[in-house]
Engineer: 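My questions will all concern the structure given below.
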Amino acid sequence: MRVITCKNYEEMSKTAARLVAGQVSLKPNCVLGLATGSTPEGMYVELARMYQNGELDFSNVSTFNLDEYCPIDKENDQSYYYFMNKHLYSKVNLKPENLHIPNGSAKDIETECANYDKMIDSAGGIDLQILGIGSNGHIAFNEPEDELTAGTHRVELTEDTIKANSRFFASESDVPRHALTSGMATIMKSKKIILMISGKNKSEPLKKLLTGKITTSCPATMLNMHADVIVLADEDAMNG
């Protein structure tokens, strides 16, 4: 695990974007695993800028997102599809057929989850996975539990996560109580992982990750078993 300390959120975002750009340049038809939430927003801004300046070409890139609320329609302005379209899809030349997000309105959830993992495998697996981290150590929507699930699955969100995500909704009661999320095995099969961590409220799970100890009470610590992880953390997270 390689840890890079960035001065602030802006530097972390630009560093992450450069790493993604390097992956796309080295393998123009690469498969990217993408994340939502406030942490990667700055990275998406920088990637869009690189594309608009002619520095990047996404035309052969495929993307798979980690998760989606359930139930929710993709047209809902709080869906992760809407988020991705607003921050990245509409700003670069990714092809619509190469964009993948779990279907939060699927009638058969088990089939949707199984097929999502099959699509990732059929694409050759994730070359580079972007991750954020929750203040309780969750990655994607894999929350602290006695047991963690391997594949993509439906999960009941914890009250802490619902409260944290309520800032994006009109009220806490509007936040969906479930989500479809990539499981730990799905994430761990990625060839390379970038974990972005920003803010003092993320310092505690970062400390747990860096101890090298592995526990399901902090799912992010599972990344210690991966062979190629880059942790990008701003000074607030490192020193908080």
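What you see is a predicted model, and the numbers here were worked out from it, not measured in a lab. We're numbering straight along the sequence, starting at 1.
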Engineer: With a 4.5 Å heavy-atom cut-off, do Thr158 and Lys163 have their side chains touching?
Structural biologist: no
Engineer: Using only atom types and a distance under 3.5 Å, with no angle test, would you say the side chain of Ser90 pairs donor to acceptor with the backbone of Asn85?
Structural biologist: yes
Engineer: Would you say Glu68's side chain and Tyr81's backbone share a donor-acceptor pair under 3.5 angstrom?
Structural biologist: yes
Engineer: Please enumerate all residues that pass salt bridge (Lys or Arg N to Asp or Glu O under 4.0 Å) together with Glu143, with sequence neighbours excluded.
Structural biologist: none
Engineer: Counting distance only, does the side-chain N/O of Tyr9 pair as donor-acceptor with the main-chain N or O of Gly42 below 3.5 Å?
Structural biologist: yes
Engineer: Checking Asn8 against Ser198 for the side chain to side chain contact (heavy atoms under 4.5 Å, CB included) test, could you report, in this order, the C-alpha distance in whole Å, the side-chain angles of both residues, the deciding distance, and whether it holds?
Structural biologist: CA-CA 8 Å; Asn8 50 37; Ser198 175; over 6 Å; no
Engineer: Can you tell me which residue among Asp77, Asp73, Ile72 is in a side chain to side chain contact (heavy atoms under 4.5 Å, CB included) with Glu75?
Structural biologist: Asp73
Engineer: Hey, does Ile101 have a side-chain heavy atom less than 4.5 Å from the side chain of Lys74?
Structural biologist: no
Engineer: About how many Å separate CD1 of Ile130 and CG of Leu34, when rounded to the nearest 0.5 Å?
Structural biologist: 7.0 Å
Engineer: Closest approach of Ala233 and Leu206, non-hydrogen atoms and distance?
Structural biologist: CB-CD2, 3.9 Å
Engineer: State, with a plain yes or no, whether a side-chain heavy atom of Thr211 is found less than 4.5 Å away from one of Thr221.
Structural biologist: no
Engineer: For the atom pair CZ (Phe64) and CD1 (Ile126), what is the distance rounded to the nearest 0.5 Å?
Structural biologist: 6.0 Å
Engineer: Going by heavy atoms in the side chains, are Val45 and His87 under 4.5 Å from each other?
Structural biologist: no
Engineer: I would like to know whether Gln129 and Leu66 meet side chain to side chain contact (heavy atoms under 4.5 Å, CB included); could you show each step before the answer?
Structural biologist: CA-CA 9 Å; Gln129 176 67 61; Leu66 286 166; 3.4 Å; yes
Engineer: Specify whether Tyr80 and Phe83 have parallel, tilted or perpendicular ring planes, treating 30° as the upper limit for parallel and 60° as the lower limit for perpendicular.
Structural biologist: perpendicular
Engineer: I would like to know whether Met43 and Thr15 meet side chain to side chain contact (heavy atoms under 4.5 Å, CB included); could you show each step before the answer?
Structural biologist: CA-CA 8 Å; Met43 178 191 71; Thr15 301; over 6 Å; no
Engineer: Regarding Glu55 and Arg49, does a basic nitrogen lie under 4.0 Å from an acidic carboxylate oxygen?
Structural biologist: yes
Engineer: Between Thr5 and Glu235, is there a donor-acceptor pair closer than 3.5 Å when you use the side chain of the first and the backbone of the second?
Structural biologist: no
Engineer: Would you mind reporting whether Val229 and Leu131 have side-chain heavy atoms less than 4.5 Å apart?
Structural biologist: no
Engineer: Output every pair passing salt bridge (charged side-chain N to carboxylate O under 4.0 Å, His left out) with a member in residues 101-129, not counting sequence neighbours, ordered by first then second residue.
Structural biologist: Lys27-Asp127, Asp121-Lys189, Asp127-Lys191
Engineer: Are the side chain of Asp236 and the backbone of Lys200 linked by a donor-acceptor contact shorter than 3.5 Å?
Structural biologist: no
Engineer: So Glu10 and Lys14, salt bridge (Lys or Arg N to Asp or Glu O under 4.0 Å) or not? Walk me through it.
Structural biologist: CA-CA 6 Å; Glu10 181 181 8; Lys14 290 183 176 181; 3.3 Å; yes
Engineer: Short question: side chain of Asp67, backbone of Ser182 - any donor-acceptor pair under 3.5 Å?
Structural biologist: no
Engineer: Working to the nearest 0.5 Å, report the span between CG of Asp228 and CG of Leu128.
Structural biologist: 9.0 Å
Engineer: Taking only distance into account, with no hydrogens and no angle test, what donor-acceptor pairs under 3.5 Å do side-chain atoms of residues 167-174 form with protein atoms, sequence neighbours excluded?
Structural biologist:
from	atom 1	to	atom 2	distance (Å)
Arg167	NH1	Ala164	O	2.4
Arg167	NH2	Ser38	OG	3.2
Ser171	OG	Ser173	OG	2.9
Ser171	OG	Asp174	OD2	3.3
Asp174	OD2	Ser171	N	3.4

Engineer: Within the 4.5 Å heavy-atom criterion, are Glu11 and Asp234 side-chain neighbours or not?
Structural biologist: no
Engineer: Return the OG1 to OH distance between Thr36 and Tyr82, rounded to the nearest 0.5 Å.
Structural biologist: 15.0 Å
Engineer: Asn224 side chain to Leu209 main-chain N or O, any donor-acceptor pair under 3.5 Å?
Structural biologist: yes
Engineer: Check whether any side-chain heavy atom of His153 sits under 4.5 Å from a side-chain heavy atom of Asn142, and report yes or no.
Structural biologist: yes
Engineer: Just wondering, do Thr63 and Leu88 contact through their side chains at under 4.5 Å, heavy atoms?
Structural biologist: no
